[in-house]
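Data first, discussion second: the structure below is written as C-alpha cells.
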Amino acid sequence: MPDFIPSSLCVFCGSRFGTDPATSETAVALGRLLAAEGITLVYGGGGVGLMGLVANAVLDSGGRAIGIIPNFLLQREAGHPDLTETVVVETMHERKLQMFERSEAFVVLPGGIGTLEEFFEVLSWRTLGLHKKPIVIIDQGGYWQPLAALLRGVVEGGFADRTHLDHVAIVSEVSEVLPAIAAMPPAAGSEKPLDRV
C-alpha cells in the first residue's frame, strides 16, 4: 500500500453519464476505493451523472462524501440529498475554493466543460506554486488523450515549462490512482494561502 494516502480527495467529473458505459463502472469503482481506504470524497455535490455515481458508491460502501454546491445549482444538478455533509455556497468561485481547501489530492474522471475548467484551475494554481497537491487524471477508454496531447503541445510550443507536465499523472485504471498520488506527495508547508473567491 502506498506510503501517502490522502484523508480527503476531490473528484472532478461530469454531471452526465457520457456514451461509454465503462465510464460509469470506473466512477463506481473509484467511489468504492475511496470508502475502502477511508478517504473522504469531496466533490461538486450533484446527485446526477458520474457525480452521483461516485457519491452513491462512496456512501453505499460506508464512506464519507462532502458536496460543495452553489445555491443556484441545487435544482439544476439535483443536489444529492444523502451526503455526509452538504455545503451550499453562493458562487462557483466559492465552490472551487472550498473543494480545494477540503482536499489533499485531486482526481479527474471524464466530464465536460466544467470538469475541464476545474482541472485547469488547480493545475494553474500548482504551476504558480500555490499548492503541491497531487492531480491524477483517469483516462477512461482514452477519453483524455486529446487533453494529454494539448498539454504536450503547450509545452512543445514554448508556452509552459516541461516540468509542468510532472504536475499531472495520467492513469488508465482506478487501481493506479493511489500509487500515482503516492508518487507525488504534497510537500509540507509549501502552500501559499489562497484568497481567490
Side-chain angles (χ1 to χ4, degrees), residues 9-27 30-31 34 41-55 67-70 72-73 76-80 89 91-157 159-174 176-177 180-181 184 194 196-197:
L9 189 150
C10 182
V11 175
F12 299 138
C13 62
S15 58
R16 298 184 180 192
F17 295 105
T19 58
D20 183 357
T23 305
S24 293
E25 296 171 9
T26 298
L30 178 61
L34 297 184
L41 167 68
V42 178
Y43 83 117
V48 295
L50 297 185
M51 297 172 74
L53 288 179
V54 174
I68 317 291
I69 190 167
F72 78 93
L73 280 183
R76 187 183 303 180
E77 289 188 358
H80 199 297
V89 296
T91 69
M92 294 294 282
H93 290 304
E94 289 177 286
R95 179 196 218 183
K96 290 181 293 181
L97 185 61
Q98 286 265 350
M99 290 166 74
F100 173 86
E101 290 179 338
R102 289 171 176 259
S103 306
E104 293 184 350
F106 304 93
V107 169
V108 183
L109 285 169
I113 302 303
T115 301
L116 283 166
E117 193 262 347
E118 290 166 333
F119 161 70
F120 275 115
E121 185 151 57
V122 295
L123 176 59
S124 175
W125 287 351
R126 178 152 180 162
T127 62
L128 291 170
L130 296 175
H131 75 91
K132 290 193 176 181
K133 298 178 182 182
I135 305 169
V136 178
I137 293 173
I138 301 180
D139 185 31
Q140 166 62 45
Y143 180 82
W144 288 123
Q145 283 304 299
L147 174 61
L150 173 63
L151 293 173
R152 291 192 299 269
V154 169
V155 170
E156 292 165 3
F159 287 98
D161 192 88
R162 194 213 62 79
T163 59
H164 291 172
L165 296 179
D166 298 333
H167 297 160
V168 180
I170 300 178
V171 303
S172 57
E173 304 289 339
V174 169
E176 300 174 274
V177 168
I181 288 174
M184 50 173 146
L194 290 181
R196 184 169 180 269
V197 294

Would you compute the distance between atom [atom1] of [X] and atom [atom2] of [Y] and round it to the nearest 0.5 angstrom?
| X | Y | atom1 | atom2 | result |
| --- | --- | --- | --- | --- |
| Leu30 | Leu9 | CG | CG | 7.0 Å |
| Leu165 | Leu123 | CG | CG | 9.0 Å |
| Lys132 | Met184 | NZ | CE | 13.0 Å |
| Ile135 | Asp166 | CD1 | CG | 12.0 Å |
| Trp144 | Leu109 | CH2 | CG | 9.0 Å |
| Phe119 | Ile137 | CZ | CD1 | 4.0 Å |

Side chain proximity check, [X] to [Y], heavy atoms < 4.5 angstrom:
| X | Y | answer |
| --- | --- | --- |
| Ser172 | Ile138 | no |
| Leu151 | Phe120 | yes |
| Leu53 | Phe17 | yes |
| His131 | Val122 | yes |
| Gln140 | Glu25 | no |
| Val108 | Glu118 | no |
| Val171 | Val177 | yes |
| Tyr43 | His80 | yes |

For Gln145, all residues meeting side-chain contact (heavy atoms from CB on, under 4.5 Å), sequence neighbours excluded: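 Only Asp139 meet the side-chain contact (heavy atoms from CB on, under 4.5 Å) criterion with Gln145.
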
All side-chain contact (heavy atoms from CB on, under 4.5 Å) counterparts of Arg102, not counting sequence neighbours: Val42, Ile66, Ile68, Glu85, Val87, Gln98

Where at least one partner belongs to residues 144-155, residue pairs that pass salt bridge (Lys or Arg N to Asp or Glu O under 4.0 Å), sequence neighbours excluded: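 Listed by first then second residue: nothing to list.
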
Val155 backbone acceptor or donor facing His164 side chain under 3.5 Å: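 No; judged by distance alone, with no hydrogens or angles, the pair does not exist.
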
Backbone N/O of Gly111 and side chain of Tyr143: donor-acceptor pair under 3.5 Å: yes

More than 12 heavy atoms of other groups within 6.0 Å of Leu150 CG: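 Buried by this count: over 12 neighbours within 6.0 Å.
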
Aromatic Phe100 / basic Lys133 pairing, under 6.0 angstrom, 45° off normal: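 Positive - Lys133 is close enough to the ring of Phe100 and near enough to its axis.
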
Please report the shortest heavy-atom distance between [X] and [Y], naming the atom on each side.
| X | Y | answer |
| --- | --- | --- |
| Pro146 | Gly142 | CD-O, 4.0 Å |
| Met51 | Gly46 | CE-N, 3.4 Å |
| Ala27 | Leu50 | CB-CD2, 4.1 Å |
| Gly44 | Arg95 | O-NH2, 2.6 Å |

